Amino acid sequence: GAVVSQHPSRVICKSGTSVKIECRSLDFQATTMFWYRQFPKQSLMLMATSNEGSKATYEQGVEKDKFLINHASLTLSTLTVTSAHPEDSSFYICSARPLGVARGYTFGSGTRLTVV
Amino acid sequence: GESVGLHLPTLSVQEGDNSIINCAYSNSASDYFIWYKQESGKGPQFIIDIRSNMDKRQGQRVTVLLNKTVKHLSLQIAATQPGDSAVYFCAENIPNYGGATNKLIFGTGTLLAVQP
């Protein structure tokens, strides 16, 4: 079955530094990947949609300069949290949709970011 | 970003009972719906899906009902087991408009607590 690998699973960083999170589709090609953010006891909030080879589309209220998304290949998308602050601490989850599939979504296992 | 709800209702059931988890979705144009199970610290796990042209779909021990008139989904779990304890989310696929890609938006989750 379709597998999405997300790395790292946990990261702790200092305020002001940047952190990169990787999302890889292991056994399929994904033209579209999605990034979600989840605070404790809350739902998953869609941050942005990334398409291979083009700029990401950000949801309303999400700062594109703070959350940099790159989707350079059909199997890899990255989310970089720039100049991280404690309020950016959250659970970040990616999802990938296989090439040619309009409604299939496979999720990664998430990244727990803690900014100290 | 889009999300629905900031609360996490809890459903507590006895082992062996049937569970019914409800969800209200937001967009009348949504054409596909998915139920996910999320355990603590993990990404969402697919349970069952249903297209908007159906009103019921059954899987192994699970049934999803869709009422488009009132924009309501339910997930029924038969003979609930302790391993079913988790947070359950419904998600709606919003079709692309004007070239934008489909995207998956999550509803408010429900914490299912199964008492042995």
Side-chain angles (χ1 to χ4, degrees), chain A residues 1-7 9-10 21 23 30-52 54-64 66-67 71 90-99 101-112, chain B residues 1-10 21 23-27 29-54 86-113:
Chain A
V3 177
V4 170
S5 173
Q6 197 171 332
H7 180 81
S9 57
R10 289 179 179 273
I21 302 169
C23 180
T31 50
T32 307
M33 291 187 175
F34 305 86
W35 287 95
Y36 291 83
R37 182 176 182 175
Q38 185 179 31
F39 291 109
K41 298 186 188 293
Q42 293 188 23
S43 186
L44 283 75
M45 181 188 77
L46 180 65
M47 299 174 67
T49 301
S50 75
N51 291 295
E52 186 265 338
S54 63
K55 290 184 178 180
T57 302
Y58 290 81
E59 295 297 306
Q60 190 174 3
V62 178
E63 299 176 62
K64 62 180 181 181
K66 179 160 190 65
F67 299 100
H71 192 161
S90 189
F91 193 52
Y92 293 87
I93 307 169
C94 72
S95 172
R97 187 161 67 210
L99 187 66
V101 177
R103 296 172 186 82
Y105 301 91
T106 301
F107 283 83
S109 54
T111 297
R112 173 73 59 194
Chain B
E2 293 189 51
S3 72
V4 179
L6 296 176
H7 307 285
L8 198 59
T10 299
I21 301 171
C23 174
Y25 65 92
S26 61
N27 196 314
S30 294
D31 61 354
Y32 173 60
F33 304 87
I34 311 171
W35 277 100
Y36 289 95
K37 174 184 181 183
Q38 187 182 30
E39 297 175 322
S40 181
K42 297 184 179 180
Q45 175 189 350
F46 174 92
I47 300 174
I48 191 168
D49 59 3
I50 187 168
R51 293 190 180 276
S52 59
N53 61 354
M54 303 171 67
V87 179
Y88 290 80
F89 292 97
C90 68
E92 57 184 306
N93 181 80
I94 300 177
N96 58 337
Y97 295 114
T101 190
N102 294 351
K103 58 184 181 181
L104 193 68
I105 302 300
F106 282 74
T108 305
T110 297
L111 174 62
L112 177 65

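Residue numbering restarts at 1 for every chain, and letters A, B, ... go by the order of the sequence lines. Here the structure is a predicted model, which is why all the values come from computation and not from measurement.
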* Ring-ring centroid check A/Phe107 B/Phe89, cutoff 6.0 Å -> no
* **Approximate separation, where rounding is to 0.5 Å, of A/Tyr105 OH and B/Asp49 CG** => 11.5 Å
* **B/Gln45, part contacting chain A, at a heavy-atom distance under 4.5 Å** => neither
* **Which portion of A/Thr57 sits near chain B, non-hydrogen atoms under 4.5 angstrom** => neither
* To do: Of all the heavy-atom pairs spanning A/Phe91 and B/Lys42, show the shortest one and how long it is.
  => CE2-O, 3.5 Å
* Mind checking the NZ-OG spacing from B/Lys103 to A/Ser95? Nearest 0.5 Å is all I need. => 14.0 Å
* Asked: Would you say A/Leu46 and B/Leu104 make side-chain contact, with heavy atoms under 4.5 Å?
  -> no
* Heavy-atom closest pair, residues A/Gly108 and B/Pro44 -> O-CD, 4.5 Å
* Structure fact -> Bottom line for A/Gln6: the part with an atom under 4.5 Å from chain B's heavy atoms is neither
* Asked: For B/Asn102 and A/Arg97, which heavy atoms make the closest approach, and how far apart are they?
  -> O-NH1, 3.1 Å
* Structure fact -> Looking only at A/Phe39, A/Phe34, A/Tyr36, most heavy-atom pairs under 4.5 Å shared with chain B are made by A/Tyr36
* Is the number of heavy atoms from other residues, nucleotides or ligands within 6.0 Å of NZ (A/Lys64) greater than 12? -> no
